[in-house]
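Computed from a predicted structure; not experimentally measured. The figures here come from the full heavy-atom set of this structure, side chains too, leaving out hydrogens, waters and symmetry mates.
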Amino acid sequence: MADTPVRSAPQPVASASAGHLGGPEGGQLTGVGLVVCGMFAQQFGAAVAALLFPRAGVLGVVSLRLGISALVLLAVCRPAVRGHGREGWAVVVGFGVALAGMNVLIYQAIARIQLGAAVTLEVLGPLVLGPLVLSVVAGRRASNWLWAGLALTGVALLGRGGFDGLNPAGVAFALGAAATWAAYILLSARAGSRFPRVDVLALAMAVGALLILPLSVAESGGALLEPRTLALGAAVALLSSVLPYSLEVLSLRRLPPTAFAMLMSLAPAVAALAGYVVLGQEPGVVEVVAVALVVIASAGAVRASADPSRRSGERGAGQER
């Protein structure tokens, strides 16, 4: 996940957008703050969404989240519809499909297993398995095997321990969300360098909302139009989509994808906290240890996979430029 974009990604922290912050270091610090704020908003928004499932159903909540988010972003950003070309629209549509798929799959998982467990499994794809496979195959350092062992131990503890037992369907949905999240990270990095501000996010949200709307109407019907449901749906949209996705798109202009991924490795811990505070899902010692192991393995694997490309990039920097 991290190797390809790291080598080819532009260094936006040196651009004019970061200049008022005192150079690359200020831009990177701003990027870190954007990611962390977005992560807390997203995970607490997911907890609020879980409260809405009995009222509107999973697909109904996804439809409200994407639909309201799209309306807000389209009204605020007023993105240009013309002038993007075939490649630009391919990015928009791909981004929209990834957003819709990621939301449906992770919400289906949260409906079946605890929030902390779902997000822990979700990060395995883009943050653990991809970098670990590459680092273990390509590298000979003992640390590569350490990260693999920590990740597997964390998952084994989740399977044995608890979170009231892992529902197989919930696990499958969470791992599916992991695959779509990996696509989201890559597409958002491409979109951020191709579109101004968060215009691409507004367009992609609209695409995702249109894809999910017929399914949500079939599942939930008129329940989607109840005032309380709409109010909670608006809260979910703002917390889970408008705020975090906007902050993440902006952060990817200041941080390389590897640094972004390392910060996102904290998501399982934040999700467990949100599940405890909002949903009363109290994890035991085994679950806390499992989440901590996956968080450590995620950060370590991403860092290990990035180190060789950094070193080779430093050696060839003069020749490439």
Side-chain angles (χ1 to χ4, degrees), residues 38-74 92-113 115 117-123 125-126 169-188 191 198 200-220 224 229-230 232-249 264 267-268 270-271 274-275:
M39 189 189 314
F40 270 85
Q42 189 171 49
Q43 299 308 330
F44 276 84
V48 174
L51 297 176
L52 191 53
F53 290 161
R55 284 180 168 271
V58 171
L59 293 178
V61 175
V62 174
S63 181
L64 288 171
R65 172 178 171 175
L66 294 181
I68 295 174
S69 299
L71 291 175
V72 171
L73 290 174
L74 288 171
V92 169
V93 173
F95 201 4
V97 171
L99 284 170
M102 181 172 61
N103 279 283
V104 169
L105 292 170
I106 193 58
Y107 277 6
Q108 291 286 2
I110 293 170
R112 291 167 172 81
I113 59 179
L115 179 59
V119 176
T120 299
L121 293 169
E122 184 186 23
V123 305
V171 171
F173 281 123
L175 293 177
T180 53
W181 188 34
Y184 160 74
I185 293 175
L186 296 175
L187 285 168
S188 61
V198 291
V200 66
L201 186 61
L203 295 172
M205 284 286 185
V207 171
L210 290 174
L211 289 174
I212 297 299
L213 182 60
L215 299 176
S216 66
V217 170
E219 180 186 71
S220 305
L224 296 175
T229 300
L230 286 173
L232 288 174
V236 171
L238 292 175
L239 283 172
S240 295
S241 292
V242 175
L243 183 59
Y245 291 153
S246 298
L247 294 178
E248 287 172 11
V249 168
M264 291 302 291
V270 177

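For the residue pair Leu239 and Gly45, the shortest heavy atom distance occurs at CB-CA, 3.8 Å. What you find for Ile110 and Ala118 is that their closest heavy atoms are CG1-CB, 4.1 Å. The heavy-atom pair separating Ser241 from Arg65 by the smallest distance is OG-NE, 2.6 Å. Residue Ala41 comes nearest to Leu243 through the heavy atom pair CB-CD2, 3.7 Å, listed as atom of the first residue, atom of the second, then distance. When all heavy atoms of Glu219 and Val58 are compared, the pair lying nearest together is OE1-N, 3.5 Å. Contact record, Ala204 with Val92: CB-O, 3.9 Å, taken as the closest heavy-atom pair.
Here the straight-line distance linking atom CG of Leu201 with atom CZ of Phe95 works out to 5.5 Å at 0.5 Å rounding. Taking CG of Leu99 as the reference point, atom OG1 of Thr180 lies at 9.0 Å (rounded to 0.5 Å). To the nearest 0.5 Å, atoms CG (Asn103) and CE (Met205) are separated by 7.0 Å. Taking CD1 of Ile68 as the start and CG of Leu238 as the end, the distance is 8.0 Å to the nearest 0.5 Å.
Looking only at side-chain heavy atoms (C-beta outward), Leu203 and Leu73 stay at 4.5 Å or farther from each other. For the pair Leu105 and Gln108, the minimum side-chain heavy-atom distance is 4.5 Å or more.
For the ring-ring contact (aromatic ring centres under 6.0 Å, His included) test, residues two or more places apart in sequence or in another chain that qualify with Tyr107 are Phe53.
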- Task: Begin from the C-alpha positions of Val61 and Thr229 and carry the test side-chain contact (heavy atoms from CB on, under 4.5 Å) through to its verdict.
- Result: CA-CA 9 Å; Val61 175; Thr229 300; over 6 Å; no

- Start with the C-alpha gap between Leu59 and Ser220, add the side-chain angles, then the distance that decides, and say whether side-chain contact (heavy atoms from CB on, under 4.5 Å) holds. CA-CA 8 Å; Leu59 293 178; Ser220 305; 5.8 Å; no

- Query: After noting the C-alpha distance and the side-chain angles of Leu64 and Val236, does the key distance pass the side-chain contact (heavy atoms from CB on, under 4.5 Å) rule?
  - Reply: CA-CA 8 Å; Leu64 288 171; Val236 171; over 6 Å; no

- So Val217 and Leu213, side-chain contact (heavy atoms from CB on, under 4.5 Å) or not? Walk me through it. CA-CA 6 Å; Val217 170; Leu213 182 60; 3.9 Å; yes

